[in-house]
2 protein chains.
Amino acid sequence: MEELAESSRYQSQKQLAIRSAASVFAEKGFHGASTKDIAERMGIKQGSLYYYFKSKEEALGEVCLFGIEDYVERMKSIGSSDQPFETKLMATITSHLTSYRERNEALKVHNDERLYLPEDKRAKLKELGSRYRQQLEKIFEEGARTGALRGTIDCHFAAQAVIGMCNGWGDIIVREPELDLFDLIQKCTDLVLNGFIERRKTRRDGSDAVEQQRTIKSNKD
Amino acid sequence: MEELAESSRYQSQKQLAIRSAASVFAEKGFHGASTKDIAERMGIKQGSLYYYFKSKEEALGEVCLFGIEDYVERMKSIGSSDQPFETKLMATITSHLTSYRERNEALKVHNDERLYLPEDKRAKLKELGSRYRQQLEKIFEEGARTGALRGTIDCHFAAQAVIGMCNGWGDIIVREPELDLFDLIQKCTDLVLNGFIERRKTRRDGSDAVEQQRTIKSNKD
DNA sequence: CCTATATTCTATAGAACTATAGAATATCTT
DNA sequence: AAGATATTCTATAGTTCTATAGAATATAGG
């Protein structure tokens, strides 16, 4: 009688509260956003907001964690699916980029405002992020085992680089609603798989021509 | 007699003020950082800070613009140098990643706190960022012209993706001082040039085998 | 309609923060 | 040393913000 009351109009405002907070945090940053701003966006008075959150930090916490579990879960199911490496990679990139459009404010906040979170939530968020990265790392490791990847690939690096690149598109995706997300997903996947350089030229010597990757001259020091 | 007084101890504190502000902004965010925090990190009292900045926003502005022109300039000189595409790309990645270690707080602030800047500085920063991206885009375009790049590469995408990936390493570079930056630079360059997948298998059919890039199956809809 | 519960409101205490003014001290130049 | 300039300090006005308490209103179920 008190656990789940989905049917009534009661309780239904909590999600609106989280979304309002997310949107104001995204716009003004955590400290720039006042509880008055959030309440007004939600259509209530400043004091009333404390019915939903017992502090501003808690509001940020709920915003940051809102839906993130699902997101990590999705990553996990991609990893354990039966698809070839290329497909898993593309699915990951799809999931990551798409989520920016689906829940833009929340993710933007998640990226920028971690540091204002109370310690426990920050730890949880860090752990979820780490789980997410490890999941992707496993996909790369499997790709390496099955020979889909070049042997020299550092899987830890690879996972981090892909996540970084995807996050780099986050702001742009949020700012430019007309951007063709599917096109972007394909290009990102293509970059990660194939890189940018041409490989037309065939070897002149009779060697095995196992690798045609170009190496780059070090210009260190 | 009033323009340049480099030798005296006067004037020398301004840079410290900017660095202090940068470091506190990076830690706590713009609104989270109080002028008291900044002053204390600098070793002076709160009120004294206003000798250097006439407002907190101005401090943020100086932090964000501090050194950025040089940075964009360096990018330009890379672009106009006489090196092959691969070298230019690596130089870009080197410059970008190295700058995080050199001036970590300032760049972190630059990424996160743009939105609190007064309009004019924000515009300037946006313009500098845009110049930076265009410069990199030109390098890609030249690579495409000379045949170093695959014909299908979208240079605008490419520039943005590389910048995004580099920024993704920013936090990590700042947080982990023991990280081997040169190793990271090489891996990033390698990824962008070659991608991750193996290309060992040679074609069975007698075709020209011009491209061995794998394409990925669309799983849209 | 009545009771219980959920939601919102008003009003405010108390804390923190920005920016300014003017006095005080330090450093430079001659 | 003396005057000029640069830097820092103290003290404070005025503003804004968070969080709480308790009253008021809305909704649900019998």
Side-chain angles (χ1 to χ4, degrees), chain A residues 1-25 27-64 109 113 115-119 121, chain B residues 1-25 27-63 109 113 115-118 121:
Chain A
M1 205 61 58
E2 56 208 309
E3 299 282 59
L4 302 167
E6 205 62 58
S7 56
S8 84
R9 202 167 296 168
Y10 284 155
Q11 201 68 281
S12 63
Q13 296 284 87
K14 176 72 188 233
Q15 185 153 328
L16 176 61
I18 295 176
R19 287 189 177 279
S20 302
S23 127
V24 179
F25 284 147
E27 241 171 63
K28 307 194 169 188
F30 177 66
H31 286 97
S34 71
T35 52
K36 186 157 182 282
D37 294 330
I38 298 169
E40 272 171 4
R41 177 138 328 173
M42 196 185 157
I44 61 177
K45 300 286 176 175
Q46 184 264 336
S48 307
L49 194 67
Y50 284 74
Y51 178 74
Y52 296 104
F53 310 110
K54 70 171 185 291
S55 74
K56 196 178 158 189
E57 278 77 11
E58 185 180 291
L60 180 63
E62 301 226 25
V63 166
C64 287
V109 172
E113 312 281 2
L115 60 156
Y116 310 125
L117 282 175
E119 191 49 52
K121 302 230 175 164
Chain B
M1 203 59 57
E2 57 207 309
E3 301 282 60
L4 302 167
E6 205 61 57
S7 57
S8 84
R9 202 166 296 167
Y10 283 156
Q11 203 66 283
S12 64
Q13 297 283 87
K14 176 70 189 238
Q15 185 154 327
L16 176 61
I18 294 176
R19 287 188 177 280
S20 303
S23 125
V24 178
F25 285 148
E27 244 172 60
K28 307 192 168 190
F30 177 67
H31 285 97
S34 72
T35 52
K36 186 157 181 281
D37 294 331
I38 298 170
E40 272 171 5
R41 177 140 325 173
M42 197 185 156
I44 60 176
K45 301 285 176 174
Q46 185 264 336
S48 308
L49 194 67
Y50 284 75
Y51 178 73
Y52 296 104
F53 309 111
K54 69 171 187 292
S55 73
K56 196 178 158 187
E57 278 78 12
E58 186 181 289
L60 180 63
E62 301 226 25
V63 166
V109 172
E113 311 282 3
L115 61 155
Y116 310 124
L117 283 174
K121 302 230 174 165

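Below, chain A is the first sequence line, B the second, and so on; all start at residue 1.
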Hey, what do you get for OG (B:Ser20) to CD1 (B:Ile44), rounding to the nearest 0.5 Å?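 Those atoms lie 8.0 Å apart.
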### Query
Can you tell me how far CD1 of B:Ile38 sits from OH of B:Tyr52, rounded to the nearest 0.5 angstrom?
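So the OH of B:Tyr52 and the CD1 of B:Ile38 are separated by 13.5 Å.
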To the nearest Å, give me how far apart [atom1] ([X]) and [atom2] ([N]) are.
X	N	atom1	atom2	value
B:Gln13	D:dT5	CD	P	21 Å
B:Leu49	D:dT7	CG	P	13 Å
A:Lys14	C:dT8	NZ	P	12 Å
B:His31	C:dA16	NE2	P	18 Å
B:Ile38	D:dT8	CD1	P	15 Å
B:Lys36	D:dT10	NZ	C1'	14 Å
B:Lys56	C:dA16	NZ	P	15 Å
B:Glu40	C:dT18	CD	P	12 Å

Return no unless some side-chain N or O of [X] is found under 4.0 Å from OP1 or OP2 of [N].
X	N	result
B:Ser48	D:dC9	yes
A:Lys45	C:dT8	no
A:Tyr51	C:dT8	no

Item checked: Side chain B:Lys56, main chain B:Ala33, donor-acceptor under 3.5 Å ->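 Flag set: sc B:Lys56 to bb B:Ala33 pair under 3.5 Å.
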What's the angle between the local helix axes at either end of the helix from C:dC1-D:dG30 to C:dT30-D:dA1, using five pairs per end and rounding to 10 degrees?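 Terminal axis comparison yields 30°.
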#### Entry: Sugar-phosphate only, base, or nothing, as touched by B:Ala33 at under 4.0 Å among non-hydrogen atoms
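If one applies the 4.0 Å heavy-atom cut-off, B:Ala33 turns out to touch the sugar-phosphate alone, with no base involved.
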Practice task
Describe the nucleic acid contact of B:Ala59 in one word from base, sugar-phosphate, nothing, applying a heavy-atom distance below 4.0 Å.
Solution key: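 B:Ala59: no heavy atom of the nucleic acid under 4.0 Å.
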Taking the side chain of B:Ile44 as its heavy atoms from C-beta onward, which of D:dC9, D:dT18, C:dT18 lies nearest to it?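 So the side chain of B:Ile44 is nearest to D:dC9.
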Margin query: Which nucleotide wins on minimum distance to the side chain of A:Tyr52, given the candidates C:dT18, D:dT7, C:dT7?
Written below: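 Per side-chain heavy atoms of A:Tyr52, the pick is C:dT7.
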* To do: Look at atom NZ of B:Lys36 and say whether more than 12 heavy atoms of other residues, nucleotides or ligands are closer to it than 6.0 Å.
  =>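 No, NZ of B:Lys36 has 12 or fewer neighbouring heavy atoms, counting only those of other groups under 6.0 Å.
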Smallest separation among heavy atoms of [X] and [Y], with atom names:
X	Y	value
A:Met42	A:Gln13	CE-O, 3.8 Å
A:Lys14	A:Glu62	NZ-OE2, 3.0 Å
A:Val63	A:Ala21	CG2-CB, 3.7 Å

Polar atom pairs between nucleotides 11-13 of chain C and protein, under 3.5 Å, N or O only, would you list them?
none

ask   = Could you go step by step and tell me if B:Arg19 and B:Arg41 meet the side-chain contact (heavy atoms from CB on, under 4.5 Å) rule?
value = CA-CA 10 Å; B:Arg19 287 188 177 280; B:Arg41 177 140 325 173; over 6 Å; no
Quiz item: Which residues satisfy the side chain to side chain contact (heavy atoms under 4.5 Å, CB included) test with A:Glu57, sequence neighbours excluded?
Solution: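 A:Phe30, A:Ser55, A:Pro118.
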Review point. On DNA chain D, nearest-nucleotide positions of B:Met42 versus A:Ser34: which is more 5'?
Key: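 First, find each residue's nearest nucleotide; the 5'-ward one identifies B:Met42.
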- request: Kindly indicate whether the side chain of B:Phe53, heavy atoms from C-beta on, has any atom under 4.5 Å from the side chain of B:Leu60.
  value: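 No, every pair of side-chain atoms sits at 4.5 Å or beyond.
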